[in-house]
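As the structure lists them, so they are numbered: ligands from 1, and atoms in each ligand from 1.
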Amino acid sequence: MKYLSTRDASLRYDAAEAIVMGLSREGGLLTPETFPVLTREMLEAMLPETYQQRAVKIMKLFLEDFSEEELREFAGKAYAFGEKFDTEAVAPVCHVTRGTEVLELWHGPTCAFKDMALQMLPYLLTASLRKTGEEKTACILVATSGDTGKAALEGFRDVDRTKILVFYPRDGVSEIQKLQMVTQQGGNVGVCAVEGNFDDAQTGVKEIFSDEVLRKELGDRGYFLSSANSINWGRILPQVVYYISAYCDLIRGGRISMGDEINFCVPTGNFGDILAGYFAKTMGLPVKKLICASNANNVLTDFIETGVYDRNRPFYTTASPSMDILISSNLERLLYLLSGSDAEVRGYMESLNKTGRYEITGELKGKIQAQFAAGWCGDDDAADTIARVFGTEGYLMDTHTAVAYTVLENYRRETGDDTLCVVLSTASPYKFCASVLEAMGTKELLPGTEIIGQLEEKTRTTAPAPLKDLAGRQVRFTETVNPGAMTDVVKGFLA
Ligand SMILES: *Cc1c(COP(=O)(O)O)cnc(C)c1O
């Protein structure tokens, strides 16, 4: 199977090449040329299997240049129970109330759904480097506003032939997120604070990537720079697995029968997670609607309802920060797959670049609306949902999951569609203790890591061990630099 660029379909690559490249050279995203078919027999065979076994089968369909044996080793390590994930199920489906199930994607080492892909990516990337004959060591550079940096650090920690360096904005991450990063363990990792906000850190990293002199110098020392960005195919593919795995678990739990259609409701930012659901649906998983949930940054809701994508609007800082995004990069893959035209996509993306806006054809809009629904809700409604669902069902969720849960309730009221729905839960409530406590009416929040115990006491639930352990962890990284000094940090890190 080949991978095509969404902006020039004559450019075709093997899976390993696509994973090493990340982005096609003219800016397009690498997307499968065809979709493997998921038959009923395949689903049936997966029913008794573990998450790891299902992952091998599903990923193998897309990775012809990888052996099953390789993938078994990767899945075994990436999703190891005990060492990496705190539940044997890896991504358990939790029954909340009649017709509503929650797929918990935060049982990995950093307690957010980014682990599902970033635990697997390092293995896919290092194997791809071997397959394409690259002999240098990869240095992964990340500018992070929170969840991605920590998940990438944990994923690449002590992985052979890689080093990872994360820059975070000194004034732009939560106390818990900062502690998660500065206490990072591993022999190949580096973490550095940058004075300024996320844009300053991100601009610095982009400048390092385009610094040809630096690249040459690092190349002579045996390194090349790479990124762990969510547009890499190696980050999307592992996410297809949990949609299919959840369907199997629902059958096994007697909630549905083989062939029944279900809905998924997904808290969305960069459109990577829900796109993986679309891939599963395209392969033949019985899915009726994919419901795209946004917070006040509701550019996707408007797009799916009207066919106009317009980023010219205020940017809101919300209680679900990982969804505070106005350009959802992975949407481009959906536009290509549904229009079948690289020229059309190129036009839309040029327009987005120039004017911040594009309008799709009526035909394309119809195709999107046939498979997707969309909705959004504000912080107050999401907070009410956290308190209410905890009160009535005893189920505690984080702010991102609460946005999806609220959007699902609204969708049901408006459409009357009461198909069983799986809500994707993307973070542990303990990653966003302050917002969750406030939602439940707590006025005085304890400082630092004490807030974790405060939420435990309030809800009589238990925090994930990696977050509880933070209090006793030694701080390893204390450096703060000007954006202008980031290049020197990279040189020092790779000296
Ligand atoms: C990244 C993230 C999202 C958004 O996922 P996309 O793939 O970018 O749409 C939602 N919730 C949490 C907690 C995240 O970290």
Side-chain angles (χ1 to χ4, degrees), residues 29 91 102-119 121 142-155 168 173-174 176-177 180-181 198 228-243 264-280 290-301 303-304 318-334 372 374 376-377 379 382 386 397-407 423-433 435-436 464 467:
L29 306 194
V102 173
L103 172 57
E104 295 182 344
L105 301 172
W106 42 261
H107 288 276
T110 79
C111 312
F113 107 102
K114 301 285 191 291
D115 286 332
M116 300 305 298
L118 279 165
Q119 281 297 313
L121 178 68
V142 181
T144 185
S145 58
D147 290 341
T148 304
K150 177 62 185 179
L153 284 164
E154 271 302 321
Y168 71 91
V173 300
S174 77
I176 301 242
Q177 285 175 320
Q180 278 189 300
M181 288 190 274
F198 172 63
N229 200 294
S230 85
I231 51 186
N232 191 307
W233 172 242
R235 273 193 62 180
I236 302 294
L237 176 59
Q239 302 185 354
V240 176
V241 175
Y242 49 72
Y243 284 91
F264 286 97
C265 186
V266 187
T268 298
N270 212 18
F271 210 76
D273 197 359
I274 196 167
L275 180 78
Y278 171 76
F279 285 174
L290 294 159
I291 305 166
C292 175
S294 302
N295 62 25
N297 296 295
N298 55 4
V299 61
L300 284 168
T301 315
F303 171 70
I304 290 170
T318 74
S320 41
S322 299
M323 299 159 72
D324 291 344
I325 281 182
L326 289 180
I327 296 195
S328 300
S329 311
N330 272 301
L331 183 61
E332 182 172 342
R333 286 190 165 107
L334 181 72
F372 290 84
W376 71 279
C377 80
D379 282 352
I386 291 174
M397 62 186 127
D398 94 294
T399 48
H400 302 77
T401 310
V403 167
Y405 202 98
T406 310
V407 164
V423 174
L424 272 63
S425 177
T426 49
S428 160
Y430 283 91
K431 255 202 120 154
F432 299 94
C433 290
S435 299
V436 171
L467 295 179

Where does ligand 1 get N/O contacts under 3.5 Å from the protein, atom by atom?
{"residue": "ligand 1", "atom": "7 (O)", "partner": "Gly272", "partner atom": "N", "Å": "3.2"}
{"residue": "ligand 1", "atom": "7 (O)", "partner": "Asp273", "partner atom": "N", "Å": "2.9"}
{"residue": "ligand 1", "atom": "8 (O)", "partner": "Asn270", "partner atom": "N", "Å": "2.7"}
{"residue": "ligand 1", "atom": "9 (O)", "partner": "Gly269", "partner atom": "N", "Å": "2.8"}
{"residue": "ligand 1", "atom": "9 (O)", "partner": "Asn270", "partner atom": "N", "Å": "3.2"}
{"residue": "ligand 1", "atom": "9 (O)", "partner": "Phe271", "partner atom": "N", "Å": "3.1"}
{"residue": "ligand 1", "atom": "11 (N)", "partner": "Thr426", "partner atom": "OG1", "Å": "2.8"}
{"residue": "ligand 1", "atom": "15 (O)", "partner": "Lys114", "partner atom": "NZ", "Å": "2.6"}
{"residue": "ligand 1", "atom": "15 (O)", "partner": "Asp147", "partner atom": "OD2", "Å": "2.9"}
{"residue": "ligand 1", "atom": "15 (O)", "partner": "Ser322", "partner atom": "OG", "Å": "3.4"}

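- In this structure, the side chain of Asn270 engages the main chain of Ser329 through a donor-acceptor pair within 3.5 Å.
- With sequence neighbours left out, the side chain to side chain contact (heavy atoms under 4.5 Å, CB included) criterion links Ser435 to Ala319, Thr399.
- Using cut-offs of 30° and 60° for the angle between ring planes, the Phe279 and Trp233 rings count as tilted.
- Using modelled atom types, one side-chain atom of His400 and one backbone atom of Ser322 make a donor-acceptor pair closer than 3.5 Å.
- With hydrogens and angles disregarded, a donor-acceptor distance shorter than 3.5 Å links the side chain of Asn295 to the backbone of Ser320.
- Checking each of Val423, Ile386, Leu105, Leu103 against Thr401 for a side chain to side chain contact (heavy atoms under 4.5 Å, CB included) leaves exactly one that passes, namely Val423.
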